[in-house]
Amino acid sequence: MPELPEVETICNGLRLGGFGQPSILGRTIREASVFWPKSIATPSLDEFLGLLPGQKIGDINRRGKFVLIELDRHVLIVHLRMSGDLQVRQEGDARATHDRVEFVFSEGDRLVFNDTRKFGRVWLVEDVNQVTGSLGPEPFDGNLTGEMFFSMLQGSSRQVKPLLLDQGFLAGLGNIYSDEALFLAKIHPLRVARMVNALDAARLLETIRQVLQEGIHHHGASIDWVYRGGDFQNYFRVYQRTGQPCIVCQAPIQRIIVGQRSTHFCPNCQC
DNA sequence: CACGAGACCTGTTCGC
DNA sequence: TGCGAACAGGTCTCGT
């Protein structure tokens with residue numbers, strides 16, 4: 001589900017408030033409850049429940065697709081995987097069907113990790129690097145240049161689509177945005193990374209940044225996620241447009257499976 | 001090292 | 001209407 005733009009949207013909502021939810025910066029956790037123990041990656045359930053009370057929320061940031069919630073003595077990290085979400089409930093609000101973990105604030109309202117498919121995970125660690133240490137660079141990292149991206153691609157004999165999905169290569173891209181970026185860069189998803197020339201590599205980094213920026217601007221894509229107001233799904237150029245005409249050349253958009261994932265591209269524009 | 005299959009889960013949509 | 005198959009924004013592990 002959420003890729004970088006959706007995670008960014010969620011972080012911004014928690015940090016700044018909006019869409020009917022208050023900011024949770026500065027809130028103190030009174031107690032935590034876990035309704036699906038497997039949602040907790042580390043530490044043990046007992047430690048997790050014991051360490052949280054009394055800790056205050058400092059800042060909230062994103063690294064790749066991870067949500068980083070700074071507390072006094074730890075960092076609370078959440079990965080939403082396919083169906084996770086972070087929501088704020090008011091005091092007295094009933095528990096929702098797929099609430100897995102909740103953090104009750106001293107004011108009585110609470111932050112809830114809701115996750116239909118139970119793939120999401122929560123970590124409570126002292127050092128963020130324990131969890132995000134193996135991630136590749138952030139797409140918007142100002143130090144990441146076209147030339148650097150070119151040499152990163154040169155170093156791999158893998159096909160570009162699976163490579164873009166590899167969080168250790170670049171952090172934050174998922175299935176939607178990688179298809180969209182490859183389309184704009186006119187690069188076939190099966191092209192071997194090493195065969196992408198310097199010009200195409202620089203262009204790909206630009207289109208990656210472009211589609212992520214568009215996604216953030218539209219508050220993410222809401223396929224079954226309407227409540228947060230994201231509407232990037234209305235601007236997909238290839239994703240989920242199988243058989244429909246390419247917006248550039250009218251050729252029907254094709255769907256293939258690459259690395260077990262649906263992959264959409266224009267067989268005419270991308271080579 | 002790279003790739004494919006299977007696992008982890010629930011819910012919705014599509015075809016017959 | 002019913003029912004099974006296919007599919008979904010992600011990632012890990014295992015075998016080849």
Exercise. Does the distance from a Lys or Arg side-chain N to an Asp or Glu carboxylate O, for A:Asp166 and A:Arg158, drop under 4.0 Å?
Worked result: yes

Exercise. Rounded to whole angstrom units, what separation is found between the CD1 atom of A:Ile257 and the C1' atom of B:dG4?
Worked result: 13 Å

Problem set entry | Same-atom distance (P) from C:dA6 to B:dA7, integer angstrom | 15 Å

Exercise. Do the charged groups of A:Glu126 and A:Arg73 touch, with an N to O distance under 4.0 Å?
Worked result: no

Exercise. When you check the gap from the basic side-chain N to the acidic O, do A:Arg209 and A:Glu214 get nearer than 4.0 Å?
Worked result: no

Exercise. How about A:Tyr177 and A:Phe232: are their ring centres within less than 6.0 Å of each other?
Worked result: yes

For this session: Share the residues that join A:Leu135 in a hydrophobic cluster, the rule being Ile, Leu, Val, Met, Phe, Trp or Tyr side chains under 4.5 Å apart at the heavy-atom level.
Result: A:Phe66, A:Leu68, A:Val75, A:Ile77, A:Trp123, A:Val125, A:Val128, A:Val131

Exercise. In Å, rounded to the nearest 0.5 Å, how long is the span from CE of A:Met152 to CG of A:Leu205?
Worked result: 8.5 Å

Exercise. Can you tell me how far CG of A:Asp179 sits from CG of A:Leu173, rounded to the nearest 0.5 angstrom?
Worked result: 10.5 Å

Could you run down the sub-3.5 Å N/O contacts of the protein with nucleotides 8-12 of chain B?
unit_1, atom_1, unit_2, atom_2, d
B:dC9, OP1, A:Lys38, NZ, 2.7
B:dC9, O4', A:Arg117, O, 3.4
B:dC9, O2, A:Arg117, NE, 2.7
B:dC9, N3, A:Arg117, NH2, 3.1
B:dT10, OP1, A:Lys118, NZ, 2.7
B:dG11, OP1, A:His98, NE2, 3.2

For this session: Please state the P separation for the pair B:dG11 and C:dT11 - nearest whole angstrom.
Result: 22 Å

Exercise. Can you give the dot-bracket line for DNA chain B, using ( ) for pairs inside the strand, [ ] for pairs that cross earlier ones, | for pairs with another strand and . for unpaired bases, where Watson-Crick and G-U count if both distances are under 3.5 Å?
Worked result: .|||||||.|||||||

Exercise. OP1 or OP2 of C:dG10 sitting under 4.0 Å from any side-chain N/O of A:Arg261?
Worked result: yes

Problem set entry | Separation of C:dA8 C1' from A:Arg241 CZ (nearest whole Å) | 19 Å

Exercise. Can a side chain N or O of A:His79 be found less than 4.0 Å away from OP1 or OP2 on C:dT11?
Worked result: yes

Problem set entry | Shortest non-hydrogen contact between A:Asp231 and A:Ser222, atoms and distance | N-OG, 4.3 Å

Exercise. Less than 3.5 Å between a donor and an acceptor, one on the side chain of A:Gln260 and one on the base of B:dG6, is that the case here?
Worked result: yes

Seminar exercise, completed: Rounded to whole Å, NZ of A:Lys161 lies from P of B:dC3 at a distance of 14 Å

Problem set entry | Approximate separation, where rounding is to 0.5 Å, of A:Ile10 CD1 and A:Asn12 CG | 10.5 Å

Run the side-chain donor-acceptor check on residues 246-260 of chain A: report pairs under 3.5 Å with partners two or more places apart or on a different chain.
unit_1, atom_1, unit_2, atom_2, d
A:Arg255, NE, A:Ser262, OG, 2.8
A:Arg255, NH2, A:Ser262, OG, 2.7

Below 3.5 Å between N/O atoms, which protein atoms pair up with nucleotides 14-16 of chain C? Just atom names and distances, please.
none

Exercise. Side-chain donor-acceptor pair under 3.5 Å between A:Gln55 and A:His74, yes or no?
Worked result: yes

Exercise. A:Gln159 side chain N/O closer than 4.0 Å to the phosphate oxygens (OP1, OP2) of B:dA2?
Worked result: no

For this session: Before giving the answer on salt bridge (charged side-chain N to carboxylate O under 4.0 Å, His left out), spell out for A:Lys186 and A:Asp200 the whole-Å C-alpha distance, their side-chain angles and the decisive distance to 0.1 Å.
Result: CA-CA 8 Å; A:Lys186 300 188 184 296; A:Asp200 284 354; over 6 Å; no

Sort me out a list of protein N/O and nucleotides 13-16 of chain B N/O pairs below 3.5 Å, or just none if empty.
none

Exercise. Between A:Asp115 (CG) and C:dG10 (C1'), how many Å, whole number?
Worked result: 11 Å

Exercise. Going by atom types only, do A:Thr263 and A:Lys161 share a side-chain donor-acceptor pair under 3.5 Å?
Worked result: yes

Exercise. Could you give the CD1-to-P distance, from A:Ile176 to C:dC7, as a whole number of Å?
Worked result: 17 Å

Exercise. Between A:Glu6 and A:Lys65, is there a side-chain N and carboxylate O pair less than 4.0 Å apart?
Worked result: no

For this session: Could you walk me through whether A:Glu138 and A:Arg62 pass the salt bridge (charged side-chain N to carboxylate O under 4.0 Å, His left out) test, one step at a time?
Result: CA-CA 10 Å; A:Glu138 280 293 314; A:Arg62 176 194 61 72; 2.9 Å; yes

Problem set entry | A:Asn175 CG to C:dA8 P, straight-line distance once rounded to whole Å | 8 Å

Exercise. Counting only side-chain N and O atoms of A:Arg255, is one of them less than 4.0 Å from OP1 or OP2 of C:dA6?
Worked result: no

For this session: Mind calculating the distance between CG (A:Leu163) and C1' (C:dG10) to the nearest angstrom?
Result: 17 Å

Exercise. A:Phe169 has an atom CZ; how far is it from atom P of B:dA2, in whole Å?
Worked result: 12 Å

